[in-house]
Chemist: 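The structure that follows is given in the form of structure tokens.
The analysis underlying the following values was restricted to heavy atoms, covering all of them including side chains, and did not include hydrogens, waters or symmetry mates. Residue indices begin at 1 and follow the sequence shown.
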Amino acid sequence: MRWLANLLAALAIAAFGVVPASAQEVVRSKQDKTSLGLISERAAVAPGDLFLVAANFDLDEDGWHVYWKNPGDSGLPPEVRKWTLPEGVEAGGFKWPAPHAIPLATLMNYGYEHELVLPFEVNVPATAK
């Protein structure tokens, strides 16, 4: 899911500075049967702000799913390996909603089908310019 990390990094560059950002969907990318968008709760950010952004997964086909933070017997959850953020800006971890069971033959996995919204906090330091 390298494209997830790239997409989140693009949002960070576009929306986490002290400049106006969309209060709705900021960016969306589609690959195969999945599209990923980023949504900001703020129309603009300022020094000292703590706000939520969410990764929004839209899965186009039955059987496609996103794994939970504890995926079960197989799979890996989405992750951000490295953020590219302005100096001092910090992004927290995902706030995971409760998953559902996704059985596959003799395996039991946990995750989400159809759509998933994974919010995370972004902290802009009071000293940001």
Side-chain angles (χ1 to χ4, degrees):
M1 296 193 90
R2 185 183 340 202
W3 63 277
L4 169 60
N6 292 340
L7 186 59
L8 292 174
L11 171 69
I13 292 167
F16 294 159
V18 187
V19 295
S22 174
Q24 297 177 6
E25 189 167 77
V26 177
V27 64
R28 180 160 291 275
S29 176
K30 182 162 178 63
Q31 184 169 334
D32 297 325
K33 304 290 184 182
T34 302
S35 68
L36 174 65
L38 290 167
I39 304 164
S40 174
E41 79 169 337
R42 297 283 179 94
V45 297
D49 279 354
L50 177 66
F51 63 102
L52 289 174
V53 174
N56 173 233
F57 294 82
D58 189 9
L59 309 171
D60 292 342
E61 191 170 305
D62 286 341
W64 283 73
H65 52 269
V66 176
Y67 291 101
W68 184 45
K69 64 182 175 181
N70 176 358
D73 293 326
S74 67
L76 294 170
E79 68 176 358
V80 177
R81 292 188 182 136
K82 181 179 179 185
W83 286 103
T84 302
L85 299 169
E87 186 176 334
V89 175
E90 296 177 348
F94 291 131
K95 296 179 182 297
W96 295 89
H100 67 272
I102 304 172
L104 177 63
T106 61
L107 304 175
M108 183 56 69
N109 299 308
Y110 302 99
Y112 316 91
E113 297 176 309
H114 307 293
E115 184 178 26
L116 170 63
V117 177
L118 280 178
F120 56 94
E121 289 183 336
V122 174
N123 185 16
V124 179
T127 57
K129 295 180 182 182

Chemist: Using a 4.5 Å cut-off on heavy atoms from C-beta on, say whether the side chain of Pro99 contacts that of Tyr112.
Modeler: yes
Chemist: Check whether any side-chain N or O of Glu41 sits under 3.5 Å from a backbone N or O of Leu52 as a donor-acceptor pair, and report yes or no.
Modeler: yes
Chemist: May I ask you to test the Leu76-Tyr67 pair for a side-chain heavy-atom distance under 4.5 Å?
Modeler: no
Chemist: Would you say that Pro97 contacts Val117 through its side chain, given a criterion of any heavy-atom pair below 4.5 Å between the two side chains?
Modeler: no
Chemist: In Å and rounded to the nearest 0.5 Å, what is the CG to CG distance from Asp73 to Leu104?
Modeler: 9.5 Å
Chemist: Can you find a pair of side-chain heavy atoms, one from Val122 and one from Arg42, that are under 4.5 Å apart?
Modeler: no
Chemist: Run the ring-centre check on Trp96 versus Tyr110 and record whether the distance is less than 6.0 Å.
Modeler: no
Chemist: Quick one: which of Leu118, Leu38, Leu36, Ile39 gives a side-chain contact (heavy atoms from CB on, under 4.5 Å) with Asn56?
Modeler: Ile39
Chemist: Under a 4.5 Å side-chain heavy-atom rule over Ile, Leu, Val, Met, Phe, Trp and Tyr, are Ile102 and Leu59 clustered together?
Modeler: no
Chemist: Can you check whether Pro103 reaches Asn109 side chain to side chain, under 4.5 Å on heavy atoms?
Modeler: no
Chemist: Mind listing the closest non-hydrogen atom pair of Pro47 and Ala128 along with its distance?
Modeler: CG-O, 3.3 Å
Chemist: Compare every heavy atom of Ser74 with every heavy atom of Pro71, then report the nearest pair and how far apart it is.
Modeler: CB-O, 3.4 Å
Chemist: For a side chain to side chain contact (heavy atoms under 4.5 Å, CB included) check, start with the C-alpha distance between Glu121 and Lys95, then their side-chain angles and the critical distance, and finish with the verdict.
Modeler: CA-CA 9 Å; Glu121 289 183 336; Lys95 296 179 182 297; 3.8 Å; yes
Chemist: Heavy-atom count around Glu87 CD within 6.0 Å, excluding the residue itself: above 12?
Modeler: no
Chemist: Taking a hydrophobic cluster as the set of Ile, Leu, Val, Met, Phe, Trp and Tyr residues connected by side-chain heavy atoms closer than 4.5 Å, whether directly or through intermediates, do Trp64 and Trp68 fall within one such cluster?
Modeler: yes
